[in-house]
Engineer: 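Here you go, one structure.
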Amino acid sequence: MKLKKIFKNKKAVISLVIAGLLLLAVLGMFAAVYKNISGYRRLGNKQADIRWKKENYICYISGIEGREVLDEKSARYSDVNILAVVNPRKHKILLVNTPRDTLLSVPKVRKASDRAGQPEKLDAMPVYGARASVKALNDLYDIKIDCMVRVNYRMLKRIVDGLGGVQVYSECDFETDWGPSFHEGLNDVDGKQALAFVRERHHLQEGDVQRGRDQQYMVQAILDKLKKTKSPAVYYRLLKCVGQEAASDLSVRSMQRLFWWQLTDQREWKIENVTLEGEQSVAVTCSSSGQEIYAYLPSQESVDFIRKKIYKMISHTRGD
């Protein structure tokens, strides 16, 4: 009887030790997540707090050329302009590409109060502040963007390499100015090849419009690989990259929620891509010094079509 009692006590002690070790591991991971996430650069004075599992939301992804610092004061041109419209309950994502040369109106922001309403291309909007691009897209589609993330191309390379490469779809065969070439269909790429894929436009028949679609395919490829990734170590590396390379108006708490949600929820996402259609033209803009430059005039029919798709995706009351 004494032996049985001792054996039971040992089992209880071992269980408690294991539970304690697991708790320490979880707390350690949580601390590491907080440390890595909290290092990212803040955009704007207000921070977005999103309940990812319950709320439909729109996230603006802005991609900056080069390796520059991505803080609020760094006025850089935005080559990538993608809206991720997410319905978490239905596990659907709509990726909306607005070409960088799209001609819009300067929104009412503090840094451009004397230029509000004047023509400017989307890629130049960050010159007037981080929120200028958000407000310009809000005005274009008559929507409310909930948060924004600004990244540079170095971050893309680190993310793709951190995932061990991705499979990205190409609509056609094409070469690039950076060496790698791609064929129609699925292509296995590492970080360096991914950079060439999303940057190329000179060898594409539709130029920057096609490049925008390729950037959507790259976002989709990364999301597809994330769906198959269950290793906390991989997410840890990605979060470290985010902390070092990204800028956002998301709160740290929102970043933490997103991390745990993706780590624990491995359901499939249905992803749809759409690109704003328009007409190639020339125009004088606020930043063109009186010279006519290339511009992309958005089709009102396409704007209305995209607006309806966005509304359909977020039709349910936010947070209901």
Side-chain angles (χ1 to χ4, degrees), residues 58 60-66 75-83 85 94-109 111-143 145 148 150 153 170-172 174-177 197-219 272-310:
I58 304 174
Y60 168 48
I61 303 170
S62 170
I64 308 297
E65 175 70 50
R76 299 288 183 261
Y77 287 82
S78 181
D79 284 340
V80 181
N81 300 279
I82 295 176
L83 298 178
V85 187
L94 174 67
L95 296 177
V96 179
N97 168 49
T98 307
R100 68 170 192 169
D101 293 307
T102 301
L103 190 66
L104 303 173
S105 297
V106 177
K108 293 181 180 179
V109 291
K111 291 182 67 174
S113 57
D114 59 332
R115 298 187 178 188
Q118 297 183 34
E120 185 60 277
K121 295 203 295 184
L122 177 58
D123 69 335
M125 289 297 176
V127 173
Y128 310 109
R131 300 296 300 176
S133 301
V134 170
K135 290 187 176 182
L137 290 168
N138 280 342
D139 292 344
L140 175 64
Y141 296 116
D142 192 20
I143 57 174
I145 293 172
M148 73 171 295
R150 180 181 286 176
Y153 282 148
S170 175
E171 296 180 1
C172 59
F174 68 93
E175 299 177 348
T176 70
D177 291 334
F197 185 84
V198 300
R199 295 178 73 181
E200 181 56 48
R201 62 189 174 101
H202 297 134
H203 293 87
L204 298 172
Q205 186 174 355
E206 293 184 77
D208 189 62
V209 175
Q210 178 62 57
R211 176 169 71 165
R213 291 202 295 269
D214 288 342
Q215 291 163 353
Q216 286 176 300
Y217 289 131
M218 183 58 66
V219 172
E272 181 182 359
N273 296 329
V274 62
T275 294
L276 176 66
E277 298 179 358
E279 178 183 350
Q280 298 184 44
S281 183
V282 293
V284 177
T285 70
C286 288
S287 59
S288 67
S289 303
Q291 302 296 315
E292 285 190 335
I293 58 174
Y294 172 78
Y296 187 75
L297 306 183
S299 158
Q300 187 58 49
E301 183 179 354
S302 181
V303 170
D304 294 339
F305 174 76
I306 291 174
R307 182 189 299 119
K308 288 178 181 178
K309 291 192 77 68
I310 293 175

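On a predicted model such as this, the values are computed, not experimentally measured, just so you know.
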Engineer: Could you check whether any side-chain N or O of Q118 sits under 3.5 Å from a backbone N or O of V106, counting only pairs where one atom can act as donor and the other as acceptor?
Structural biologist: no
Engineer: Got a second to check how far D208's CG is from D123's CG, nearest 0.5 Å?
Structural biologist: 8.5 Å
Engineer: Near Q280 CD, under 6.0 Å, is it more than 12 heavy atoms from other residues, nucleotides or ligands?
Structural biologist: no
Engineer: Can you tell me if Y296 uses its side chain to pair, donor with acceptor, with the backbone of G278 under 3.5 Å?
Structural biologist: yes
Engineer: Under the side-chain contact (heavy atoms from CB on, under 4.5 Å) criterion, do F305 and S299 qualify, and how do the steps go?
Structural biologist: CA-CA 10 Å; F305 174 76; S299 158; over 6 Å; no
Engineer: S78 and S62: which non-hydrogen atoms are nearest, and at how many Å?
Structural biologist: OG-OG, 2.7 Å
Engineer: How long is the span from the OG atom in S133 to the CD1 atom in I145, to the nearest 0.5 Å?
Structural biologist: 9.0 Å
Engineer: Find the distance between CG (L104) and CG (D101) and round it off to the nearest 0.5 Å.
Structural biologist: 11.0 Å
Engineer: Specify the closest pair of heavy atoms between V303 and L140, including all atoms of both residues, with the distance to one decimal.
Structural biologist: CG1-O, 3.4 Å
Engineer: When rounded to the nearest 0.5 angstrom, what is the spacing between CD1 in I143 and CD1 in I58?
Structural biologist: 4.0 Å
Engineer: Between the side chain of Q215 and the main-chain N/O of V198, is any donor-acceptor distance below 3.5 Å?
Structural biologist: yes
Engineer: List the atom of I82, the atom of V219, and the distance in Å for their closest heavy-atom pair.
Structural biologist: CD1-CG2, 4.1 Å
Engineer: Measure across P107 and A132 and return the closest heavy-atom pair with its distance rounded to 0.1 Å.
Structural biologist: CG-O, 3.4 Å
Engineer: For a 4.5 angstrom cut-off between non-hydrogen side-chain atoms, does T176 reach H203?
Structural biologist: no
Engineer: For Y294, is there any backbone N or O sitting under 3.5 Å from a side-chain donor or acceptor partner on K121?
Structural biologist: yes
Engineer: Looking only at heavy atoms, what is the nearest atom pair of L103 and P298, with distance?
Structural biologist: O-CD, 3.7 Å
Engineer: Is atom CD of Q291 surrounded by more than 12 heavy atoms (other residues, nucleotides or ligands) closer than 6.0 Å?
Structural biologist: no
Engineer: What do the steps show when you test M125 against E120 for side-chain contact (heavy atoms from CB on, under 4.5 Å), and what is the final call?
Structural biologist: CA-CA 7 Å; M125 289 297 176; E120 185 60 277; 3.8 Å; yes
Engineer: Do Q216 side-chain atoms and M218 backbone N/O form a donor-acceptor pair below 3.5 Å?
Structural biologist: no
Engineer: Apply the test side-chain contact (heavy atoms from CB on, under 4.5 Å) to residues I310 and L94: give CA-CA distance (whole Å), side-chain angles for both, the deciding distance (0.1 Å), then the verdict.
Structural biologist: CA-CA 8 Å; I310 293 175; L94 174 67; 4.1 Å; yes
Engineer: Using the rule given for side-chain contact (heavy atoms from CB on, under 4.5 Å), can you reason through E171 versus Q210, listing the C-alpha separation, both sets of side-chain angles and the distance that settles it, and then say yes or no?
Structural biologist: CA-CA 9 Å; E171 296 180 1; Q210 178 62 57; 3.1 Å; yes
Engineer: Show the nearest heavy-atom pair for residues V109 and Y128, with the distance to one decimal.
Structural biologist: CG2-O, 3.8 Å
Engineer: Checking side chain to side chain donor-acceptor pair (under 3.5 Å) against E206, which of R213, R211, R201 comes through?
Structural biologist: R213
Engineer: Would you compute the distance between atom CD1 of I306 and atom OH of Y141 and round it to the nearest 0.5 angstrom?
Structural biologist: 4.0 Å
Engineer: If we only count heavy atoms from C-beta on, is the R150 to P126 side-chain gap below 4.5 Å?
Structural biologist: yes
Engineer: In Å, rounded to the nearest 0.5 Å, how long is the span from CG of N97 to CG of D214?
Structural biologist: 9.5 Å
